[in-house]
Amino acid sequence: MTSRFLRIALVLGLLTAVGPFAIDMYLPALPSIGADLNADTVAVQMSLLVFFLSMGLAQIIVGPISDMVGRKAPLYAGLAVFIIGSIGSALATSIEMLIAFRFLQGLGASAGMVVPRAVVRDLHTGTEAARLMSLLMLVFSISPILAPLTGSVIIATLGWRAVFWSVTIAAVLGVFLLATALKETRPVGERKGSSLRSALAGYRFLLGDRKFMGLTFIGGFGISSFFVYLSNSSFVLIDHYGLTPTLYSVFFSMNAVAFFTMSQLTGRLTERYGLRRVVRVAVISYATTIVALLAVMASGLQSLWVLASFLFVGYGFLGLVIPTTSVLAMDDHGTIAGTASALMGTLHFAIGAMAMAISGLFFDGTPLPMVTSIAVCAVLALALTHLTLGRDEQPARAAAE
């Protein structure tokens with residue numbers, strides 16, 4: 001593995017992680033934000049939901065633009081908008097003002113979510129793309145480990161507003177890395193033919209591509225199960241189980257460790273067994289683990305350690321699902337990689353936002369509604385895997401794909 005390969009993974013991972021940092025550092029602050037701004041739980045959760053919505057929906061525009069003008073310009077613009085949204089969130093004096101600037105912050109973060117996937121497809125396909133995507137996931141996964149811990153320390157010492165000043169600094173660092181460590185991967189010659197009309201034609205084509213849509217929804221419901229956890233976990237773990245913000249951050253980080261540790265096996269497993277088989281086995285294992293968790297907790301055994309153990313195993317399998325479904329879905333769409341990445345990202349976040357909103361309606365302060373919502377997402381991912389990939393194929397054919 002070359003130093004260039006590692007450098008690209010590091011830069012793309014950090015650019016992708018800027019948006020999630022604005023989520024994960026923020027989670028331990030949700031109860032204190034509600035108290036400080038005199039807002040109820042639903043309103044505070046809305047500041048998280050609008051971030052997801054804007055970050056997801058804006059990708060549908062940013063992706064085709066990156067096909068037309070190159071990858072770096074949309075990243076610069078996105079980071080600039082993100083910085084403005086972060087500063088506004090830090091200065092918010094009401095929950096309505098915070099929600100508005102969180103929406104703007106999400107718009108800026110969308111570029112960091114959609115463009116790096118297109119860069120991966122610009123450079124590699126197949127196993128090499130899976131390997132680069134898994135390295136990107138490694139850097140990306142540092143966010144759920146370090147961000148909540150860092151956020152809890154910052155909140156305890158400087159207050160929740162300092163979280164937004166911190167992500168502002170992270171975005172400025174992203175601008176520096178973009179300028180110094182990443183070359184343009186879509187040359188001018190390859191942009192010819194990319195236009196609004198071609199983008200619309202690309203979206204129509206992708207929406208009719210059963211394989212692309214199936215894999216996108218498998219990954220979407222997988223991610224949504226984690227989004228449900230993001231939106232509910234601080235209230236469940238801090239308010240219901242009585243954890244401090246720091247202990248909550250440690251608990252939250254455990255799942256991220258499982259996720260990124262397993263994601264690093266992606267390249268090796270796909271090289272040996274093929275992308276399709278890895279997706280299939282990972283989704284089956286994930287859904288089985290989460291449904292077992294639901295059954296145990298529904299029986300009345302709602303111990304924190306039961307919840308922690310099952311989620312640790314489940315999100316480990318999810319670490320195999322996300323990079324493999326993304327690579328397999330985009331493998332055949334190199335000429336419209338930005339458009340394909342945009343549609344994938346938008347659908348992922350739209351599904352995630354819907355799952356968060358629905359789970360919020362049933363939230364009662366206990367872990368059971370959260371676990372039920374996670375299980376529903378996992379079962380839907382499993383059903384789609386069966387419909388999209390079918391039964392096991394011959395090893396030689398699977399390995400070829």
Side-chain angles (χ1 to χ4, degrees), residues 117 120-121 124-134 136-137 202-203 205-227 259 262-292 313-334 336-337 339-352 355 374-401:
R117 281 195 303 264
V120 171
R121 181 55 186 81
H124 300 286
T125 59
T127 299
E128 284 300 302
R131 186 173 286 113
L132 179 55
M133 189 70 77
S134 67
L136 191 154
M137 288 290 107
Y203 282 134
F205 173 75
L206 291 168
L207 288 169
D209 185 332
R210 179 177 175 274
K211 173 189 170 185
F212 176 84
M213 292 299 293
L215 287 162
T216 295
F217 273 87
I218 292 167
F221 281 112
I223 290 175
S224 296
S225 67
F226 193 66
F227 286 175
F259 182 94
M262 289 295 287
S263 73
Q264 294 316 292
L265 299 177
T266 301
R268 184 178 303 174
L269 291 174
T270 55
E271 187 173 6
R272 181 170 181 179
Y273 299 108
L275 282 164
R276 286 174 177 264
R277 183 165 297 176
V278 172
V279 170
R280 193 180 299 110
V281 173
V283 173
I284 291 171
S285 302
Y286 177 58
T288 301
T289 302
I290 297 302
V291 170
V313 175
Y315 286 133
F317 287 117
L318 188 62
L320 291 174
V321 175
I322 304 306
T324 51
T325 53
S326 297
V327 170
L328 189 56
M330 293 183 62
D331 239 8
D332 300 330
H333 304 296
I336 52 171
T339 301
S341 178
L343 182 58
M344 178 187 295
T346 296
L347 290 174
H348 281 182
F349 279 89
I351 297 167
I374 293 172
V376 169
C377 291
V379 170
L380 288 172
L382 178 61
L384 286 168
T385 300
H386 178 74
L387 291 173
T388 304
L389 301 181
R391 295 180 179 275
D392 247 356
E393 301 171 17
Q394 293 299 319
R397 181 179 173 187
E401 295 177 359

Asks: Among all residues two or more places apart in sequence or in another chain, which pass the side-chain hydrogen bond (donor to acceptor under 3.5 Å, both in side chains) test with Thr346?
Replies: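 Once residues adjacent in sequence are excluded, Thr346 has no partner under the side-chain hydrogen bond (donor to acceptor under 3.5 Å, both in side chains) criterion.
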Asks: What are the two closest non-hydrogen atoms of Arg280 and Thr385, and how far apart are they?
Replies: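 Scanning both residues, the minimum pair turns out to be CA-CG2, 3.9 Å.
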Asks: According to side-chain hydrogen bond (donor to acceptor under 3.5 Å, both in side chains), who are the partners of Ser341, at least two apart in sequence or on a separate chain?
Replies: Arg117
Asks: Going from CE on Met262 to CG on Leu269, what distance comes out if it is rounded to the nearest 0.5 angstrom?
Replies: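 Reported to 0.5 Å precision, the distance equals 7.0 Å.
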Asks: State, with a plain yes or no, whether a side-chain heavy atom of Val278 is found less than 4.5 Å away from one of Thr266.
Replies: no
Asks: Where do Met213 and Leu206 land on the side chain to side chain contact (heavy atoms under 4.5 Å, CB included) test, with the steps shown first?
Replies: CA-CA 7 Å; Met213 292 299 293; Leu206 291 168; 5.5 Å; no
Asks: How many angstroms lie between OG in Ser225 and CD1 in Ile351, if you round to the nearest 0.5 Å?
Replies: 11.5 Å
Asks: Does Leu343 form a side chain to side chain contact (heavy atoms under 4.5 Å, CB included) with Leu207? I'd like the steps, not just the answer.
Replies: CA-CA 9 Å; Leu343 182 58; Leu207 288 169; 4.1 Å; yes
Asks: What residues form a side chain to side chain contact (heavy atoms under 4.5 Å, CB included) with Val313, not counting sequence neighbours?
Replies: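 Checked Val313 against side chain to side chain contact (heavy atoms under 4.5 Å, CB included); matches are Thr289, Phe317.
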Asks: Enter the distance from His386:NE2 to Ile284:CD1 here, rounded to the nearest 0.5 Å.
Replies: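 The NE2 atom of His386 sits 10.0 Å away from the CD1 atom of Ile284.
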Asks: Taking all atoms of both residues into account, what is the closest heavy-atom pair of Ile290 and Ala375, and its distance?
Replies: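 In terms of heavy atoms, the two residues are closest at CG2-CA, 3.4 Å.
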Asks: CG of Leu347 to OG of Ser224: how many Å apart, nearest 0.5 Å?
Replies: 10.5 Å
Asks: Can you sort out the partners of Tyr286 under ring pair (Phe, Tyr, Trp, His ring centres under 6.0 Å), two or more places apart, ordered by chain and number?
Replies: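 Ring pair (Phe, Tyr, Trp, His ring centres under 6.0 Å) check on Tyr286 returns nothing, list empty.
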Asks: Do Arg276 and Thr324 have side-chain heavy atoms sitting under 4.5 Å apart?
Replies: no
Asks: If every non-hydrogen atom of Met344 is compared with every non-hydrogen atom of Ala329, which pair is closest and at what distance?
Replies: CE-CB, 3.5 Å
Asks: Mind listing the closest non-hydrogen atom pair of Ala282 and Val321 along with its distance?
Replies: CB-CG2, 3.7 Å
Asks: What's the shortest heavy-atom distance between Thr388 and Arg210, and which atoms?
Replies: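 Scanning both residues, the minimum pair turns out to be O-NH1, 3.7 Å.
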Asks: Ignoring hydrogens and angles, write down the donor-acceptor pairs under 3.5 Å from the side chains of residues 215-223, residues two or more places apart or on other chains.
Replies:
{"residue": "Thr216", "atom": "OG1", "partner": "Phe212", "partner atom": "O", "Å": "2.8"}

Asks: Identify, with sequence neighbours excluded, every residue that meets ring pair (Phe, Tyr, Trp, His ring centres under 6.0 Å) alongside Tyr315.
Replies: Phe226, Tyr229
